[in-house]
Protein chains: 2
Amino acid sequence: MAPTRPPGRPRSSVDATVFAATLRTVDELGYTHATVDRIAAAAGVAKTTIYRRWPSKGALITACLVDAFGPLPLESGSRAELMSSAIRWGAAKISEPGIGAAFAGVFTDAINDPALREILSTQLQDPYRLALQEALGEPETRVLFLIDVVIGTLLHRMGMTGEPMVDADVDALVEMVVRVLP
Amino acid sequence: MAPTRPPGRPRSSVDATVFAATLRTVDELGYTHATVDRIAAAAGVAKTTIYRRWPSKGALITACLVDAFGPLPLESGSRAELMSSAIRWGAAKISEPGIGAAFAGVFTDAINDPALREILSTQLQDPYRLALQEALGEPETRVLFLIDVVIGTLLHRMGMTGEPMVDADVDALVEMVVRVLP
DNA sequence: GCAGTTTCGCTACTTGAGGTATCGATACCG
DNA sequence: CGGTATCGATACCTCAAGTAGCGAAACTGC
């Protein structure tokens, strides 16, 4: 089956532009003040175009994060090495401009929005959880707990309080988590 | 100096009623849907009365949390015992109805609201941080990191995802943190 | 009792943000 | 050229935080 093109005017390829504008706006103004109107203006696009592609602000941010993170890099090695590199990779990503604030904001929006929660789970959380679960060979509850510790710490420090996480803190986090691996 | 009463009609003593109504409403509807109108209605009080006592919804929630948590119980013992009991106390408190959601919600509100951040810091965070710092005899950066790990994990698990934290998870968290104490 | 002051509940309002509806113009297919 | 779906632009709806103004009520001091 060749991917037959649907009829009608094709979508202009502005996804990457919108993602960039989103992260830039969130970085400059914070999640709340980064309104969809402002993001659209920053991307040089109409607000309706954004809502034609993503059903809500939270869905846009989620897609933006999925795009920004990309697949979890899993080099081979011991479980401690795997876990260590995954934590350092996540910490570095969350430190990039706008990412931490966007991450924390969309999580919060999702608390009282079941539809967004579904999107966030299936598109962002589940893939990484499953990849890590398979790589570590640990049971699901254990992996979920470790992810909560790492993501919770990173988000609380950088998403919530806005304070940067220094290398020593990342080292300490890695050591804490790696030590409890069997 | 006797505390001379100011002129005018004295405030009705409804703070406790409002706090209870706040936590109940947040527990039932979640942070976002727990609007000030609804909280006021649940407390049997006018919305203006609430805004006459607390400058914003976030400030109300903060006061509510300060009231709900109370002072950090610090029994004497080793640093490991102190830390362990503090974590278990925090985990138990955050599990009470409405507390976790209120905590996560006010933190998020504070991200883009400097005035609320100031309130949250001075009234809720600083007291516990200072108490723990003094009890443990650890440097500030170290205590801040450990608090981020514990609060981050608890908030991410219970405030954000809404999933309960089972005893095994609390045990694992305690062990992780206690192990890295010098 | 009465003037002064402050809180009370009530209602109406302002502001800002997420999201929707409509419309003429445009780009692609057959 | 007809059919279809996207484009930008504008206007609109809804809901929630927070404010303003009002008459009534509760307290103090004279």
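Just so it is clear: chains get the letters A, B, ... in the order the sequence lines come, proteins before strands, and each one is counted from 1. Only heavy atoms go into these numbers, but all of them, side chains included; no hydrogens, no water, no symmetry mates.
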Could you state the [atom1]-[atom2] distance from [X] to [N], rounded to the nearest angstrom?
| X | N | atom1 | atom2 | value |
| --- | --- | --- | --- | --- |
| B/Leu29 | D/dA16 | CG | P | 10 Å |
| A/Ile39 | C/dG16 | CD1 | C1' | 15 Å |
| B/Asp109 | D/dG18 | CG | C1' | 14 Å |
| A/Ile50 | D/dA9 | CD1 | C1' | 14 Å |
| B/Tyr31 | D/dC15 | OH | P | 20 Å |

- prompt: Just how far is it from atom CD1 of B/Ile119 to atom CD1 of B/Ile61, taken to the nearest 0.5 Å?
  reply: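 The distance works out to 12.5 Å.
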field: Distance below 4.0 Å between B/Arg11 side-chain N/O and D/dC27 OP1 or OP2
entry: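 Result: no.
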Identify the pairs formed between an N or O of the protein and an N or O of nucleotides 27-30 of chain C at a distance under 3.5 Å, and give each distance.
residue, atom, partner, partner atom, Å
C/dC29, OP1, A/Arg5, NH1, 3.1

What pairs of donor and acceptor atoms, side-chain ones from residues 110-118 of chain A against any protein atom, are under 3.5 angstrom apart with sequence neighbours left out?
residue, atom, partner, partner atom, Å
A/Asn112, ND2, B/Thr32, OG1, 2.6
A/Asp113, OD1, A/Ala115, N, 3.3
A/Asp113, OD1, A/Leu116, N, 3.2
A/Arg117, NH2, B/Thr161, O, 2.5

- prompt: Any chance CD of B/Glu134 has more than 12 other-residue heavy atoms, nucleotides or ligands included, within less than 6.0 Å?
  reply: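 No, CD of B/Glu134 has 12 or fewer neighbouring heavy atoms, counting only those of other groups under 6.0 Å.
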message: I need the minimum non-hydrogen distance between B/Leu155 and B/Gly100, along with the two atoms involved.
response: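 Scanning both residues, the minimum pair turns out to be CD2-O, 4.2 Å.
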What are the atom names and distances for every N/O pair under 3.5 Å that joins the protein to nucleotides 19-23 of chain C?
residue, atom, partner, partner atom, Å
C/dG19, OP2, A/Tyr51, OH, 3.2
C/dG19, OP2, A/Lys57, N, 2.8
C/dG19, N7, A/Lys47, NZ, 2.9
C/dG19, O6, A/Lys47, NZ, 2.9

- prompt: Does B/Gly58 offer a backbone N or O that forms a donor-acceptor pair with the side chain of B/Thr62 under 3.5 Å?
  reply: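 Judged by distance alone, yes, a pair lies under 3.5 Å.
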field: Side-chain donor or acceptor of B/Arg179 paired with backbone N/O of A/Arg179 under 3.5 Å
entry: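 Yes: the side chain of B/Arg179 pairs with the backbone of A/Arg179.
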- prompt: Between B/Arg53 and B/Asp15, is there a salt bridge with N-O shorter than 4.0 Å?
  reply: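 Yes, B/Asp15 and B/Arg53 are salt-bridged.
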task: Fit a plane to each ring of A/Trp54 and A/Phe19, take the angle between them on a 0 to 90° scale, and name the class: parallel (under 30°), tilted (30 to 60°) or perpendicular (over 60°).
output: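 Geometry flag for A/Phe19 against A/Trp54: tilted rings.
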